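Down below is the structure, laid out as structure tokens.
In this text, all values refer to a predicted model and were calculated from it rather than measured experimentally. In what follows, every chain begins at residue 1, and chains take the letters A, B, ... in the order their sequences are listed. Worth knowing before you read on, the calculation uses all heavy atoms, side chains too, and leaves out hydrogens, waters and symmetry mates.
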Amino acid sequence: MRYSNYFIPTLKETPAEAEIVSHRLMLRAGLIRKLASGIYTYLPAGLKSLKKVENIIREEMNRSGAIEILMPAVQPSELWEESGRWDYYGRELFRFKDRHNRDSCLGPTHEEVITDLVRREIHSYKQMPVNLYQIQNKFRDEIRPRFGIMRCREFLMKDAYSFDADEAGADRSYEIMFKTYNNIFRRCGLKFKAAEADTGSIGGSFSHEFMVLADTGEDYIVSCLNCDHAANLEKAEVRRTDDEAGSVNEKEMGPLEEVETPDMKSVEKVTAFLSISPDQLVKTLILKANEEVVAALIRGDHELNEIKLKNMLGAEQLELADPQLVAEATGAPIGFAGPHGLTMKIIADYAIKGMKDFVTGGNKKDLHLRNVNTERDFHVDTFGDLRVAMPGDSCPRCGGEIRFGKGIEVGHVFKLGTKYSETMGAVFLDKHGKEKPIVMGCYGIGVGRTVAAAIEQNHDKDGIIFPITIAPFEVVILPLQMNEKEVIDAAENIYREMSEKGLDILLDDRDLRAGFKFKDADLLGTPLRITIGTRHLKNGQIEMKARSEEESTLISLQDAPALIMEKVDKLHDSTK
RNA sequence: CGGGGCGUGGCGCAGUCUGGAAGCGCACCUGCUUUGGGAGCAGGAUGUCGGAGGUUCAAAUCCUCUCGCCCCGACCA
């Protein structure tokens with residue numbers, strides 16, 4: 001491609017709206033432009049990068065045996081009402097009415113459409129397993145779009161859906177996708193982790209998120225330094241320790257006593273006043289799960305993980321009770337709730353189990369209780385893993401040291417089970433002629449987000465450092481003196497010869513100063529730069545420099561094609 | 001939806017408090033010089049000051065309403 005005939009509008013200054021590095025660089029390098037909040041145009045170079053990711057995905061999906069289809073973005077409300085998600089998905093669904101006043105929406109995901117297709121077409125175990133995927137724009141009316149291409153309202157996504165006759169088959173399909181995703185992200189040149197995750201509004205029995213490790217990520221992940229376990233913080237299990245197991249001998253317990261704690265509503269204030277440490281206090285949180293009021297007990301220095309509680313209760317909605325409800329339920333204002341004397345269901349974190357003579361609220365204004373003990377003073381309905389994992393905890397699998405980090409979710413694989421096939425009646429006949437629901441899985445990849453994540457992970461002060469597999473161009477040629485015939489000829493020859501060998505090359509044939517071309521080349525992040533200038537050309541030499549390396553090397557004009565090819569191959573090898 | 005901030009030439013901003021000729025840098029156009037890390041000089045073009053209404057002799061500036069964008073939070077593959 002000749003720069004003079006192409007369109008890469010770079011910016012010297014950063015637009016004020018861009019906060020994170022990938023957003024800034026994508027705007028500055030002329031890859032994207034915004035149309036409205038969370039709605040972006042891909043400019044030519046941005047689109048090339050997007051297409052390269054798309055092609056890697058397509059190749060690996062096809063290799064795994066998955067089959068490409070294309071479903072409509074416009075979907076009728078009936079299907080969503082059938083699955084129950086017309087209401088459940090909520091405000092995030094872009095809805096509209098057509099001219100006949102029929103309710104419709106723009107697809108944020110395609111479980112309903114694919115399940116509808118499959119229930120019409122698949123009737124026998126002989127037709128499975130099958131995995132159908134598409135690469136298509138998705139629409140989600142995000143509460144708050146942000147970070148440029150990272151969280152948008154319209155975005156390109158690869159979504160795949162697997163269909164199996166039984167659980168074992170579904171597990172195999174999941175496993176194949178898991179491996180395929182590893183191949184895809186490795187080929188994109190990313191450093192990533194597969195983390196255990198919550199299934200959220202997609203539902204299903206288990207899932208993994210593919211997280212690109214980056215400080216600007218929106219998710220927290222916990223990973224083990226010893227084994228390959230990793231999990232999203234909202235899912236991360238807490239390893240139970242031995243002292244949580246033991247029961248406490250009643251004879252050793254101190255007598256329950258009331259203590260005045262005027263206006264002390266926080267853990268800090270109460271513990272400071274009573275000269276105890278936070279792990280000797282138990283917080284009592286009042287929550288509303290669907291319509292039921294429940295109490296959750298958490299040690300003072302721990303934090304409730306609402307998702308764990310939500311899953312344990314099997315609740316669709318869970319929220320902290322408002323002050324009025326807390327007063328009704330406990331008889332005291334917020335800050336003085338305690339389990340003693342409560343009538344509602346009480347759920348306690350495992351850490352409570354081994355505690356003895358702890359402090360709780362007294363269910364009365366300005367009152368706390370000392371020497372509280374489970375069983376003697378109140379009954380716990382269920383113990384469970386309810387708290388957020390924190391530094392100092394150990395790996396739930398191997399007990400190793402765990403590390404906290406941030407990540408960008410670029411892919412998500414779910415084992416759906418029969419959630420959709422049952423509600424939507426996607427059934428088949430097995431070997432014995434018995435009717436069964438199809439066992440499903442679904443697998444998404446954010447294509448644009450993958451490009452943004454790659455930039456988050458690969459950049460420096462001068463611009464992007466694209467992995468060669470997803471760079472808009474593999475090589476950029478900079479002829480520095482556009483008024484010198486020799487320079488132009490050399491550039492044109494290399495350009496022609498390398499293009500014929502199939503390389504993706506940008507020839508910067510603009511009549512600009514050298515500095516300008518260098519700056520633009522660094523910004524766009526093309527992995528390999530060939531500089532041709534009078535300075536070295538008079539010795540028959542040109543300059544070759546990898547964007548990711550500090551040093552450039554002089555090579556002879558004659559050897560250039562072979563050496564460039566060799567270097568390009570080497571850069572590609574690093575993603576294999 | 002709650003909190004905070006911002007809308008002035010293509011981009012980045014000053015001017016708004018305290019009303020009185022719309023400015024600066026970059027980009028753009030012309031000419032000359034320059035030419036290996038975002039050139040210099042000279043000249044030039046470019047504005048519904050987000051929009052509507054109001055106050056005033058006079059509004060980018062004050063008042064009311066409204067639209068859009070960004071950040072934090074709640075929410076969310």
Side-chain angles (χ1 to χ4, degrees), chain A residues 9-20 23-24 27-28 30 33-39 85 88-93 107-111 138-148 150-153 155-160 197-204 207-211 218-219 232 234 306-307 310 317-320 322 408-414 416 442-449 461-463 478-484 487 508 510-524 529 531-538 541-543 545 552 554:
Chain A
T10 56
L11 303 171
K12 196 189 287 190
E13 287 174 291
T14 306
E17 67 193 47
E19 196 72 8
I20 63 167
H23 189 195
R24 274 203 299 269
L27 287 169
R28 284 193 57 208
R33 286 293 183 266
K34 185 174 69 179
L35 177 62
S37 178
I39 310 277
R85 289 207 295 183
Y88 184 71
Y89 217 92
R91 319 117 312 254
E92 211 172 303
L93 199 55
T109 176
H110 281 70
E111 281 82 11
K138 293 282 187 282
F139 300 84
R140 290 183 191 176
D141 197 358
E142 291 283 347
I143 293 176
R144 183 147 90 88
R146 59 183 124 180
F147 303 146
M150 205 71 94
R151 179 172 292 275
C152 332
R153 296 194 295 164
F155 58 99
L156 190 63
M157 177 168 168
K158 187 282 305 179
D159 49 325
D198 187 62
T199 52
S201 65
I202 296 285
S207 79
H208 284 87
E209 286 169 340
F210 284 78
M211 309 290 273
E218 293 185 85
D219 291 287
N232 191 309
E234 59 184 36
E306 289 190 35
I307 289 170
K310 189 172 168 181
Q317 304 231 316
L318 181 75
E319 55 185 19
L320 275 170
D322 54 45
I408 300 165
E409 180 191 356
V410 289
H412 206 154
V413 293
F414 295 87
L416 287 179
C442 86
Y443 318 92
I445 292 179
V447 185
R449 189 183 276 190
K461 65 175 176 32
D462 295 315
L478 305 187
L480 296 185
Q481 294 84 20
M482 290 304 290
N483 52 358
E484 295 285 338
V487 171
D508 193 346
R510 296 174 299 173
D511 189 10
L512 292 175
R513 303 170 66 80
F516 212 99
K517 293 189 179 187
F518 284 130
K519 290 290 184 190
D520 268 353
D522 286 346
L523 231 199
L524 187 59
R529 186 182 80 194
T531 307
I532 302 172
T534 48
R535 185 187 290 173
H536 298 297
L537 197 59
K538 63 176 188 272
Q541 288 181 311
I542 62 175
E543 206 174 303
K545 180 182 175 299
S552 63
L554 287 174

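- As a whole-Å value, the separation of Glu13(A) CD from G10(B) P is 15 Å.
- G44(B) and C17(B) have their P atoms separated by 32 Å, with the value rounded to a whole Å.
- Remark: P of C76(B) and CD of Glu306(A) are 10 Å apart, rounded to the nearest angstrom.
- U46(B) is unpaired under the Watson-Crick or G-U wobble criterion, no partner having all donor-acceptor distances under 3.5 Å.
- The pairing partner recorded for G73(B) is C1(B), the criterion being a Watson-Crick or G-U wobble arrangement whose two distances lie under 3.5 angstrom.
- A21(B) sits 31 Å from G5(B) when the C1' atoms are compared, rounded to a whole Å.
- Stacking between Phe518(A) and G37(B) is shown: the ring centroid lies under 5.5 Å from the centre of the six-membered base ring, and the planes differ by under 30°.
- Applying the 4.0 Å criterion to OP1 and OP2 of C70(B), one finds that Ser37(A) has a side-chain N or O inside that range.
- Remark: Arg144(A) is in phosphate contact with C72(B), judged by side-chain N or O atoms under 4.0 Å from OP1 or OP2.
- Between Ala18(A) and Met157(A), the one whose closest nucleotide on RNA chain B sits nearer the 5' end is Ala18(A).
- For the pair Glu13(A) and Arg28(A), the tightest heavy-atom approach, listed with the atom from each and the gap, is O-CG, 4.0 Å.
- Using C1' as the reference atom, C63(B) and C70(B) are 26 Å apart when rounded to the nearest Å.
- Base pairing annotation: C57(B) forms a Watson-Crick or G-U wobble pair with G20(B), both donor-acceptor distances under 3.5 Å.
- Taking atom P in both A27(B) and G12(B), one finds a spacing of 15 Å when rounded to whole Å.
- Remark on RNA chain B: of its neighbouring residues Ile143(A) and Gly446(A), the 5'-side contact belongs to Ile143(A), judged by nearest-heavy-atom nucleotide.
- In this model, the phosphate group of G25(B) is not approached by any side-chain N or O of Lys12(A) to a distance below 4.0 Å at OP1 or OP2.
- A distance of about 7 Å separates the C1' atoms of G68(B) and G50(B), rounded to the whole Å.
- Separation of the C1' atoms belonging to G15(B) and G23(B) is 8 Å when rounded to the nearest angstrom.
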Tabulate below the donor-acceptor pairs under 3.5 Å that side-chain atoms of residues 515-523 of chain A make, not counting sequence neighbours, or state none.
{"residue": "Lys517(A)", "atom": "NZ", "partner": "Pro479(A)", "partner atom": "O", "Å": "2.8"}
{"residue": "Lys517(A)", "atom": "NZ", "partner": "Asp508(A)", "partner atom": "O", "Å": "2.9"}
{"residue": "Lys517(A)", "atom": "NZ", "partner": "Arg510(A)", "partner atom": "O", "Å": "2.8"}
{"residue": "Asp520(A)", "atom": "OD1", "partner": "Thr10(A)", "partner atom": "OG1", "Å": "3.0"}
{"residue": "Asp520(A)", "atom": "OD2", "partner": "Arg510(A)", "partner atom": "NH1", "Å": "3.3"}
{"residue": "Asp520(A)", "atom": "OD2", "partner": "Arg510(A)", "partner atom": "NH2", "Å": "3.0"}

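- Taking atom P in both C24(B) and C6(B), one finds a spacing of 24 Å when rounded to whole Å.
- For Lys34(A), the salt bridge (charged side-chain N to carboxylate O under 4.0 Å, His left out) partners two or more places apart in sequence, or in a different chain, are Glu17(A).
- Here Arg535(A) does not reach the OP1 or OP2 of G36(B): none of its side-chain N or O atoms lies under 4.0 Å away.
- In this structure a side-chain-to-backbone donor-acceptor pair under 3.5 Å is missing from Arg140(A) to Leu93(A).
- Summarising the base pairing, A27(B) is matched to no nucleotide, lacking a Watson-Crick or G-U wobble pair whose two defining distances lie under 3.5 Å.
- An OP1 or OP2 oxygen of C72(B) is reached within less than 4.0 angstrom by a side-chain nitrogen or oxygen of Arg146(A).
- Protein atom CZ of Arg510(A) is 11 Å distant from nucleotide atom C1' of G38(B), rounded to whole Å.
- Residue Asp462(A) places no side-chain atom within donor-acceptor reach of the base of G37(B), judged by atom type and a 3.5 Å distance cut-off alone.
- For the C1' atom pair drawn from G51(B) and A60(B), the interatomic distance equals 14 Å after rounding to whole Å.
- Protein atom CG of Asp520(A) is 13 Å distant from nucleotide atom C1' of A27(B), rounded to whole Å.
- In this structure, Leu478(A) atom CG and U35(B) atom P are separated by 19 Å, rounded to whole Å.
- Atom CG in Leu480(A) sits about 9 Å away from atom P in G37(B), given to the nearest Å.
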